[in-house]
Amino acid sequence: MKNIQAYVNQHKDRFLNELLELLKIPSISADSAYESEVLKTAEEIKNSLEKAGCNTVEICQTKGYPIVYGEKIIDKNLPTVLVYGHYDVQPPDPLDLWDSPPFEPVIKNTELHPEGAIFARGACDDKGQMFMHVKAMEFMTATNQLPCNVKFMIEGEEEVGSASLADFVKENQDKLSNDVILISDTGMIAKDTPSITTGLRGLSYVEVEVTGPNRDLHSGLYGGAVANPINILTKMIASLHDENNHITIPGFYDKVEELSKEERAEMAKAPFSLEHYKKALDIEAVYGEAGYTTNERNSIRPTLDVNGIWGGYTGEGAKTVIASQAFAKISMRLVPHQDWIEITELFKNYFESIAPKGVTVKVTPHHGGQGYVTPIDSIGYQAASKAYSDTFGKTPIPQRSGGSIPIVSLFEQELKSKTILMGFGLDSDAIHSPNEHFGVWNYFKGIETIPLFYKYFTELSQ
């Protein structure tokens, strides 16, 4: 690959402005009020892929939001890389915690990003990282250096569980056939410490509902005599962990993979400062399952967290009421071998069993996905490692992620190919949170690195 940096430097203002325009569109898939904006984003992605050099680009309709598919086939005897990304974003709430409007992207210098960071919803997850691949494609086609075939599959429902993607993949296996899948929807350890994500946790997401009396009650007339659904719900949730923060659901850990001391020692070699971690989060102490380090708790161990809880009166002033109902949303991050459907059923059965008399409990599964591990001896991993080594001057560290990308296991099941996770984000990028951002340096470094993956993957495949 020749002149990658020169090409990026020549076009960096345009590359940046094009991303900023994309970030202005509030493609919030979770809220139907933004349907037109999500569809508009799909059109923009289609236009971008066409300009980047794809010969075929189409917007594929699904039961939900469309999937943008593009391809450039130069020789059927050469390897094919399938790039996956998503154009939808998380809701920006709570809006009052943003320093600037979430869909009015701004570039601000920070201590970690003295060259600037793009602050906007979707900047890192996943518009910024997805768009790196589009610009990398542009470079390879514009300079006639594309070494293999490329396919793009960019969806609009990742943030709500990718409900339509499974059917699309199953119904289009020939269209999507490939030798490796490339995704940038993860991160790396630090700007000076590249890493490749080799493992993802699975996910089970449920909503629970506790119902007591048939209407809201006066807390003076009925307090102490009738089960309070909010009190009951909080007690039930508290009982899901023991004093060591071990999850109490029977059978929950039956299939959890216990890593060897040697594997845990290799993980521990990754640079990590507990003091910096606490300072970045403004906390006095870390918290989690006894017997494991912070980096082990958020990567190789399963978790259970309440993501939202509500019920009763939450408006201004006071209203002395016992609510008829209380609700919570709960997610469980799972490690490889834990089946998300099985775990969801275990949760449902256990949560219903611990409900006291006087209330009824309803558990509604929302979505989930399996965990994933990719071997570091694969051609895809080796190609990614060589690419990072060239642009960072360091061999990347294999790292398991605490996040979930449920469709990765689906891809292996249906398309029979491995996924390589080349992330360029950082833990501090505040994805899913107010003030999400993505370093300008990281954005351009991704565009420089991705073409080298194509080069080395093609060479190693021959």
Side-chain angles (χ1 to χ4, degrees), residues 183 185-190 193-205 240-249 251-274 276-278 280-281 283 285-305 307 330-344 346-347 368-378 381 384-385 396-409 412 418-423 425-428 431-432:
I183 300 176
D185 196 11
T186 52
M188 58 184 184
I189 294 173
T193 309
S195 57
I196 301 173
T197 301
T198 58
L200 295 164
R201 290 195 288 190
L203 173 68
S204 169
Y205 195 99
L240 295 174
H241 292 89
D242 64 16
E243 66 278 5
N244 293 314
N245 291 314
H246 195 267
I247 297 165
T248 57
I249 300 170
F252 186 86
Y253 291 95
D254 286 358
K255 296 181 180 179
V256 170
E257 175 188 20
E258 293 287 347
L259 268 64
S260 66
K261 291 182 179 179
E262 291 75 18
E263 289 176 288
R264 293 174 68 180
E266 283 298 310
M267 285 185 59
K269 292 180 181 179
F272 177 74
S273 168
L274 185 59
H276 289 165
Y277 184 86
K278 292 188 291 186
L281 299 176
I283 56 176
V286 292
Y287 184 88
E289 186 180 3
Y292 295 91
T293 67
T294 297
N295 281 342
E296 289 173 336
R297 290 168 179 164
N298 64 23
S299 62
I300 64 171
R301 298 300 294 171
T303 62
L304 185 153
D305 286 292
N307 303 126
I330 296 173
S331 65
M332 291 162 280
R333 299 287 176 167
L334 313 175
V335 295
H337 308 306
Q338 282 185 298
D339 181 85
W340 78 271
I341 297 175
E342 180 181 344
I343 292 298
T344 301
L346 287 175
F347 174 91
Q370 311 295 16
Y372 181 79
V373 174
T374 190
I376 63 174
D377 59 356
S378 68
Y381 182 89
S385 181
I397 297 172
Q399 182 186 40
R400 292 202 184 189
S401 169
S404 304
I405 310 178
I407 43 82
V408 172
S409 58
E412 182 165 4
K418 290 292 183 182
T419 294
I420 304 301
L421 298 157
M422 293 182 67
L426 301 174
D427 285 346
S428 56
I431 62 173
H432 292 207

CA sep, side-chain torsions, deciding dist, call: Leu200, Ser404, side chain to side chain contact (heavy atoms under 4.5 Å, CB included): CA-CA 5 Å; Leu200 295 164; Ser404 304; 5.8 Å; no
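- When every heavy atom of Gly288 is checked against every heavy atom of Asn245, the shortest pair comes out as O-ND2, 3.0 Å.
- For Gly371 against Ser409, the heavy-atom pair with the smallest separation is O-CB, 3.9 Å.
- Of all non-hydrogen atoms in Ala384 and Ile420, the two that sit nearest each other are CB-CG2, 3.8 Å.
- Here the side chain of Thr198 pairs no donor or acceptor atom with the backbone of Val373 at under 3.5 angstrom.
- Using modelled atom types and a 3.5 Å distance limit, the side chains of Thr303 and Arg297 yield no donor-acceptor pair.
- Atom CG of residue Asp427 and atom OH of residue Tyr277 lie 7.5 Å apart, to the nearest 0.5 angstrom.
- No side-chain heavy atom of Ile196 sits less than 4.5 Å from a side-chain heavy atom of Ile376.
- Side chain of Ser378 to main chain of Pro375: a donor-acceptor pair is present (N/O by atom type, distance under 3.5 Å, no hydrogens or angles).
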Trace of the side chain to side chain contact (heavy atoms under 4.5 Å, CB included) decision for Leu426 with Met188: CA-CA 6 Å; Leu426 301 174; Met188 58 184 184; 4.1 Å; yes
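- With a 6.0 Å radius and a threshold of 12 heavy atoms from other residues, nucleotides or ligands, His276 has its NE2 atom at or below the threshold.
- A side-chain donor-acceptor contact under 3.5 Å links Ser299 to the backbone of Asn295.
- For the atom pair NZ (Lys418) and CD (Glu412), the distance works out to 3.5 Å, reported to the nearest 0.5 Å.
- Side-chain contact check for Leu259 versus Arg400: some heavy-atom pair is nearer than 4.5 Å.
- Remark: side-chain polar atoms of Tyr253 are paired, donor with acceptor, to backbone N or O of Ile247 under 3.5 angstrom.
- Minimum heavy-atom separation, Ala270 to Ile397: CA-CD1, 4.3 Å.
- In this structure a side-chain-to-backbone donor-acceptor pair under 3.5 Å is missing from Asp305 to Asn307.
- Of the possible polar contacts, one joining the Asp339 side chain to the Ile341 backbone as a donor-acceptor pair under 3.5 Å is found.
- For the atom pair CZ of Arg201 and CD1 of Ile300, the computed distance is 10.0 Å after rounding to the nearest 0.5 Å.
- Ser331 places no side-chain N or O within donor-acceptor distance of the main-chain N or O of Tyr205, the cut-off being under 3.5 Å.
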Stepwise side chain to side chain contact (heavy atoms under 4.5 Å, CB included) check, His241 with Thr248: CA-CA 5 Å; His241 292 89; Thr248 57; 5.6 Å; no
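- Taking every heavy atom of both residues into account, Arg333 and Gly402 meet most closely at CD-O, 4.0 Å.
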Trace of the side chain to side chain contact (heavy atoms under 4.5 Å, CB included) decision for Phe272 with Thr293: CA-CA 11 Å; Phe272 177 74; Thr293 67; over 6 Å; no
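- Classification of Glu257 and Arg301 as a salt-bridged pair fails, no side-chain N sitting under 4.0 Å from a carboxylate O.
- For the atom pair Gln338 CD and Ser204 OG, the distance stands at 10.0 Å (nearest 0.5 Å).
- Separating the CG atom in Leu421 from the OG1 atom in Thr374 is a distance of 7.5 Å, to the nearest 0.5 Å.
- Residues Phe252 and Leu346 share a closest heavy-atom pair of N-CD1, 4.2 Å.
- Here the OG1-CG distance, from Thr419 to Asp185, works out to 12.0 Å after rounding to the nearest 0.5 Å.
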